[in-house]
K.L.:
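Take this structure, written in C-alpha cells, and hold onto it; I'll ask about it next.
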Amino acid sequence: MQRTEPTGFLYGTRTNLPTSAYQLTTSNYTFSDPQQPSPYAYSNYGNTQMITYMPFSGVESNAQRYSLWWYDYPSSPHYEWDDVGIYMSIDALPTKLDPSKSVPYFKLASGEVFNPTPASEMMSSRTYDILKASTKHSAIFVGKENPVWPIDHPLNPDHRSPLIYMGVRNRQYGNVDNMVAKQYSFESMAIDNLILTTRRIEVIAAGNFNVRNNSGHLGLEAHAANAITVGAVDAITRKITTYNSTYSLYCKKGIGNCKDGNNVWEGSKKPEIYNYSHFYFDNQSNNNYPSEQKRVYKDKSTGIDYTYNPYYDGSEAAAAYTAGMIANLLAANPFYRWHPEVVKALLLSSGDININTPYPNENPVTTKIPSYRSVVFDKDHNEVFHESRYWLGEISKLYTHSTSNGKKEIRFCVKRPTDKTNFSAAIAWLSSGFDIDDVHRVPQDFDLFVYENSTSNVNNIDVNHPLTSSEDGMNAYEKISFTSNANYLVFRILLWTDRTPSTSEHIDQMALGFDVAGL
C-alpha cells in the first residue's frame with residue numbers, strides 16, 4: 001500500500017526548551033561506563049546500588065530483530081509498508097534529548113494546555129524516542145485524553161489517514177498509596193469501554209509501584225482488563241524488575257467503595273506481557289538514534305536540581321518497546337488491525353526469550369519475552385508459525401458445539417506445520433467496563449483445550465482427555481504450551497460461565513481472539 005502522509009492536523013514540533021517553572025541545562029554524557037543509580041527505588045537493591053544499562057543495539061540483538069531480513073528491506077517485492085497511527089496519551093509534550101533536534105508529532109486538540117514537570121516531560125520524551133526507534137513507519141499523535149478523548153477514535157476526524165490503530169499510556173494516574181488504588185478504577189473502566197467500543201489496541205505501563213512507597217499496586221489505568229499491560233525486565237539480567245505488580249482487585253460493592261480493602265475479588269492477573277527495560281540509545285551504532293544528553297532542570301523558585309540521565313528504565317520503557325513491536329505487526333499484517341483481543345492472544349503465545357528466575361512476588365502470567373522474530377511477520381514469513389482467529393457478535397450464532405449439560409463451545413482444527421513441534425496458544429476476550437463494575441469481575445469465563453488428531457474431524461476427540469488445557473476462572477485470557485507431532489491440532493474453547501447482566505447491551509455477545517504459535 002502506498003504511504004499516505006498525515007494531512008489536516010495541527011503539526012507540532014517541540015525543541016529542548018525549558019518550561020516556565022524550570023531552568024534547563026544539558027551536557028554530553030559519556031557511555032563508557034553505563035552505570036547509574038536507578039530513578040526508582042528497588043526494594044532488594046537499595047537506593048545506592050549501581051545498575052548496569054544495556055545499549056539499545058544489545059536489546060535489539062536479544063529480541064532477534066536481525067533475523068527479519070524483510071523488516072530492514074521493506075522495498076522488496078514481498079511487502080510494502082503502510083503507516084500506523086499511534087496515539088500517545090501524555091501529560092507533557094515530548095522533546096529530544098539532543099537539544100539541537102526537534103520532535104515532529106500531530107496534535108489532535110489545538111486548545112490543550114500542558115503544565116509539564118521534569119518527570120512527565122522525560123516520561124513523554126522517552127516513550128516517543130522508543131516508539132520512533134522501534135517502529136519502521138509510524139505517525140505519532142499526542143493529546144491529554146483524560147482518559148478517553150476524542151470519542152471518535154480510532155478513526156481520526158474526517159477519516160483522514162493514517163488511522164490511529166493503537167494507543168500508548170505511560171501516565172501515572174492517581175499516584176497515591178491506598179487500598180482503592182490497588183483496585184479496578186473509573187480510569188480503567190473507561191479504558192475498557194474505549195477498547196470494546198472503538199477496537200483500538202491499548203498498551204499500558206504496569207507502573208513502578210516502589211515509587212509509591214513500596215505499596216505494590218498497578219497504575220490506575222493498568223487495571224483495564226481489555227488492555228495489554230506491560231511489566232519490565234532488566235535487559236542485561238533478563239529478570240523481572242522488583243517494581244512490577246502482579247494482581248488487580250475488583251470491589252464487590254462497586255468502584256471506590258472498598259477503601260478498607262475488604263469485599264474484593266481477585267481480578268484479572270496483570271501484567272500480561274513483560275519486555276525490556278534498563279537500556280540507552282547507543283547513537284554510535286546507528287546514526288538514526290538521538291545523540292543523547294543528560295538534562296538538569298533547576299526549579300526557579302526553590303533552586304532544587306532534578307537530573308535526568310538518558311537511560312530508559314521502568315515499565316514505561318517496556319510498554320513503549322512492546323507498542324513498537326505491535327505497530328510493526330499492524331504495518332506488516334493488516335489482519336490484526338482493529339482486533340485488540342487477537343493481538344493480546346498473539347503476544348501471549350509469541351514469547352520466545354526466557355525470563356530468568358527467581359520471579360518476584362509470584363509466578364508471572366508468562367515466563368517468556370516476545371521478540372520481533374516471534375511477533376512481527378507477514379504472509380511470506382514462516383520462521384515462526386502463527387494462526388489467528390476471532391469471533392465477534394452473538395454467541396448463539398458463533399458457537400459450534402454444546403456440552404452434555406448445555407454449555408456452549410467452539411471447536412476448530414489447525415493443521416500442524418511439519419517443521420514445528422513446540423507450540424503456545426492463547427485466547428483473550430473483551431468485556432464492558434460497566435459490566436465488570438456491575439458483576440465485580442470479568443463477566444465471561446472461557447476455557448481453552450487442545451487435542452491431538454490424525455484427521456481434521458473436530459468431532460473425533462475425547463473431550464475428557466485433552467493434551468493440555470487452561471481453565472482459570474479470573475483472567476480475561478487463557479494460555480497453554482505443549483509439544484505435539486500430530487497431523488492436526490483440535491482446539492476447543494468452552495464458555496464456562498457468562499455473568500453478563502441481563503440489562504447489559506452486551507448480553508449474549510462475545511469478542512474473542514485466538515492465536516497459536518509454532519516456535
Side-chain angles (χ1 to χ4, degrees), residues 154 192-201 225-228 268 333-349 386-415 425-436 438-439 441-451 453 455-461 463 466 469-480 488-517:
D192 278 335
N193 289 333
L194 169 74
I195 296 171
L196 181 64
T197 302
T198 67
R199 317 290 303 157
R200 196 169 84 191
I201 300 160
N226 297 340
I228 298 167
S268 194
N333 199 323
F335 169 85
Y336 295 94
R337 299 172 184 179
W338 317 126
H339 287 292
E341 71 288 342
V342 185
V343 171
K344 182 186 288 190
L346 184 141
L347 284 174
L348 285 168
S349 66
H386 279 280
E387 182 160 328
S388 302
R389 302 188 181 198
Y390 62 85
W391 298 265
L392 301 174
E394 297 180 29
I395 297 173
S396 58
K397 296 180 180 179
L398 294 172
Y399 80 97
T400 62
H401 293 71
S402 295
T403 66
S404 58
N405 57 356
K407 294 183 182 295
K408 297 179 175 64
E409 61 181 52
I410 296 171
R411 294 187 197 178
F412 59 96
C413 77
V414 173
K415 184 172 176 54
I427 55 174
W429 57 96
L430 306 183
S431 303
S432 159
F434 296 129
D435 292 347
I436 291 176
D438 283 345
V439 301
R441 60 179 71 187
V442 175
Q444 294 174 320
D445 177 17
F446 292 92
D447 294 327
L448 177 63
F449 305 81
V450 63
Y451 304 81
N453 213 356
T455 71
S456 59
N457 184 355
V458 298
N459 297 311
N460 185 27
I461 59 173
V463 295
S469 64
S470 177
E471 302 173 66
D472 191 293
M474 297 174 294
N475 295 327
Y477 51 85
E478 304 279 356
K479 178 184 176 180
I480 54 177
Y488 291 89
L489 303 172
V490 176
F491 291 94
R492 177 172 166 253
I493 302 174
L494 173 67
L495 177 55
W496 178 259
T497 303
D498 191 347
R499 308 180 190 91
T500 304
S502 59
T503 56
S504 171
E505 62 180 310
H506 304 288
I507 190 71
D508 192 39
Q509 300 285 316
M510 74 163 68
L512 176 69
F514 164 86
D515 181 79
V516 58

K.L.:
Search all heavy atoms of Gly473 against all heavy atoms of Arg499 and return the closest pair with its distance.
P.N.:
O-NH2, 4.4 Å

K.L.:
How far does CD1 of Ile228 sit from CG of Leu347, to the nearest 0.5 angstrom?
P.N.:
5.0 Å

K.L.:
Show, in sequence, the C-alpha distance, side-chain angles and deciding distance for Trp496 and Glu471, and conclude whether the side-chain contact (heavy atoms from CB on, under 4.5 Å) test is met.
P.N.:
CA-CA 9 Å; Trp496 178 259; Glu471 302 173 66; over 6 Å; no

K.L.:
About how many Å separate OG1 of Thr497 and CG of Asp447, when rounded to the nearest 0.5 Å?
P.N.:
8.0 Å

K.L.:
Taking the side chain as everything from C-beta on, heavy atoms only, tell me whether Leu392 gets closer than 4.5 Å to His339.
P.N.:
yes

K.L.:
Phe449 vs Val463, test: side-chain contact (heavy atoms from CB on, under 4.5 Å). Steps then yes/no.
P.N.:
CA-CA 9 Å; Phe449 305 81; Val463 295; over 6 Å; no

K.L.:
In Å, rounded to the nearest 0.5 Å, how long is the span from NE2 of His386 to CG of Asn333?
P.N.:
9.5 Å

K.L.:
Taking the side chain as C-beta and beyond, is there a heavy-atom pair between Ile201 and Tyr336 under 4.5 Å?
P.N.:
no

K.L.:
Mark yes when over 12 heavy atoms from residues, nucleotides or ligands other than Phe412 sit less than 6.0 Å from its CZ; otherwise mark no.
P.N.:
yes

K.L.:
Would you check if the side chain of Asn193 reaches a backbone N or O of Gly433 as a donor-acceptor pair within less than 3.5 Å?
P.N.:
yes

K.L.:
Between Asp472 and Glu478, what is the shortest heavy-atom contact and its length?
P.N.:
O-OE2, 2.6 Å

K.L.:
I'd like to know if the side chain of Ser431 and the backbone of Val442 have a donor-acceptor N/O pair within less than 3.5 Å.
P.N.:
no

K.L.:
Under the criterion side-chain hydrogen bond (donor to acceptor under 3.5 Å, both in side chains), I'd like the reasoning laid out for Ser396 against Asp508: C-alpha separation, chi angles, the key distance, then a yes or no.
P.N.:
CA-CA 7 Å; Ser396 58; Asp508 192 39; 3.3 Å; yes

K.L.:
Is any NZ, NE, NH1 or NH2 atom of the basic residue among Glu341 and Arg199 found under 4.0 Å from an Asp or Glu carboxylate oxygen of the other?
P.N.:
yes

K.L.:
Looking only at non-hydrogen atoms, find the nearest pair between Ser268 and Ala476 and report the distance.
P.N.:
OG-N, 3.0 Å

K.L.:
Where is the tightest heavy-atom contact between Arg411 and Val458, given as atom of each residue plus distance?
P.N.:
NH1-O, 3.2 Å

K.L.:
For residues Trp391 and Phe446, establish whether the separation of their ring centroids is below 6.0 Å.
P.N.:
no

K.L.:
Evaluate the criterion side-chain contact (heavy atoms from CB on, under 4.5 Å) for residue pair Val516 and Phe491; output intermediate values, then yes/no.
P.N.:
CA-CA 10 Å; Val516 58; Phe491 291 94; 3.8 Å; yes

K.L.:
Are Glu409 and Lys407 within salt-bridge range, i.e. N to O under 4.0 Å?
P.N.:
no

K.L.:
Rounded to the nearest 0.5 Å, what's the gap from CD on Gln444 to CG on Asp435? Could you check?
P.N.:
9.0 Å

K.L.:
Is there a side-chain contact between Leu495 and Met510 (heavy atoms, below 4.5 Å)?
P.N.:
no

K.L.:
Does any N or O in the side chain of Asp515 come within less than 3.5 Å of the main-chain N or O of Ala345, such that one atom is a donor and the other an acceptor?
P.N.:
no

K.L.:
Which atom pair, heavy atoms only, marks the closest approach of Asn226 to Leu430?
P.N.:
OD1-CA, 3.2 Å

K.L.:
For Leu346, is there any backbone N or O sitting under 3.5 Å from a side-chain donor or acceptor partner on Ser349?
P.N.:
yes

K.L.:
Run the side-chain contact (heavy atoms from CB on, under 4.5 Å) test on His401 and Asn459 for me, step by step, so that the C-alpha distance in whole Å, both residues' side-chain angles and the decisive distance to 0.1 Å come before the verdict.
P.N.:
CA-CA 9 Å; His401 293 71; Asn459 297 311; 2.7 Å; yes

K.L.:
SG/Cys413 to CG/Asn460 distance, rounded to the nearest 0.5 angstrom?
P.N.:
11.5 Å

K.L.:
Give a yes or no on whether the backbone of Leu348 and the side-chain of Lys479 come within a donor-acceptor separation of less than 3.5 Å.
P.N.:
yes

K.L.:
Taking atom OG of Ser432 and atom CD of Glu505, what is their separation to the nearest 0.5 Å?
P.N.:
7.0 Å

K.L.:
Do you know which two heavy atoms are closest between Asp438 and Pro501, and how far apart they sit?
P.N.:
CB-CG, 4.0 Å

K.L.:
Between Asp445 and Met474 (side chain of the first, backbone of the second, donor and acceptor by atom type, cut-off under 3.5 Å), is there such a pair?
P.N.:
no

K.L.:
I'd like to check Trp338 versus Tyr390 (side-chain heavy atoms, cut-off strictly below 4.5 Å). Are they in contact?
P.N.:
no

